[in-house]
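To start, the structure under review is shown below, and the notes come after it.
All values reported here derive from a predicted model rather than from experimental measurement.
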Amino acid sequence: MPTTLPMPIEFRLPEGWLPAYPEEFDAAGVAFAAVHPQPDAGFAANITIDGEVPPDVSTLADLADESVERLREVAESVVVAHRREVGSADAPALTQRLTFSPVVDGARRDLVQSQVHLSLSDVEDPHKRAVIRLALTATAAQHDAVLGDFQAFVRTIRPDTGAGA
């Protein structure tokens, strides 16, 4: 069952990407997912969105570490290949790239996951903060080809003010 985000957001999917439905993926903790229309060796690149209201003492690095540990529960040899804090004081973010090799449909696959942890303030109460995690998971061979789509997607993320576009 998909989860809801702690704060409503709006976004635009990259051209050609398709919404995935809960019965098509393990939806535990995921609020939204989309898949690339051209799988690589039977694995469809995917974008997922989840989020939380972290304790006030949690940093984005702490939350990124938790993401790594959650992935280690289901995959072997998770490596943080890259991590960087980005954004501004008003809208901090952290990006990280993870490599791992899970067994998917009976075959071991070399996958790469690019994550963006966005700290967003509540539109009505700026003292309330939520962290939205966006993740692109793709085969190592396809990752760089779909990374630009993911980056374009990340740039469309906004708090949903309910005003409509």
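Side chains of V116 and Q151 form no contact here, defined as non-hydrogen atoms less than 4.5 Å apart. D65 has its side chain within reach of R83: a pair of non-hydrogen atoms, C-beta onward, lies under 4.5 Å apart. Using a 4.5 Å heavy-atom threshold, the side chains of K128 and M7 count as separate. Contact check for I49 versus I9: side-chain heavy atoms found under the 4.5 Å cut-off. Side-chain atoms of V74 and F100, non-hydrogen and from C-beta on, never get closer than 4.5 Å to each other. The closest side-chain heavy-atom distance from Q96 to V68 is below 4.5 Å. Annotation: side chain of T139 is in contact with side chain of L111 (closest heavy-atom distance under 4.5 Å).
Side-chain atoms of D62 come within 3.5 Å of backbone N or O of T59 as a donor-acceptor pair. A side-chain donor-acceptor contact under 3.5 Å links R109 to the backbone of A41. With hydrogens and angles disregarded, a donor-acceptor distance shorter than 3.5 Å links the side chain of Q142 to the backbone of Q38.
Rounding to the nearest 0.5 Å places CG of L118 at 7.5 Å from CD1 of I132. Taking CG of D144 as the start and OG of S114 as the end, the distance is 8.5 Å to the nearest 0.5 Å. Atom-to-atom distance recorded for F153:CZ and W17:CH2 is 9.5 Å, nearest 0.5 angstrom. Note that CZ of R129 and CD of E52 are 9.0 Å apart. Values are rounded to the nearest 0.5 Å. Rounding to the nearest 0.5 Å places CG of L18 at 8.5 Å from CG of L13. Rounding to the nearest 0.5 Å places CG of L134 at 5.5 Å from CZ of F150.
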*Check step by step if salt bridge (charged side-chain N to carboxylate O under 4.0 Å, His left out) holds for E69 and R72.*
CA-CA 5 Å; E69 291 309 312; R72 284 187 173 135; 2.8 Å; yes
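In the hydrophobic clustering of this structure, V30 does not group with L63; members are Ile, Leu, Val, Met, Phe, Trp, Tyr whose side-chain heavy atoms approach within less than 4.5 Å, directly or through other members.
The number of heavy atoms from other shown groups lying within 6.0 Å of CZ (R12) does not exceed 12.
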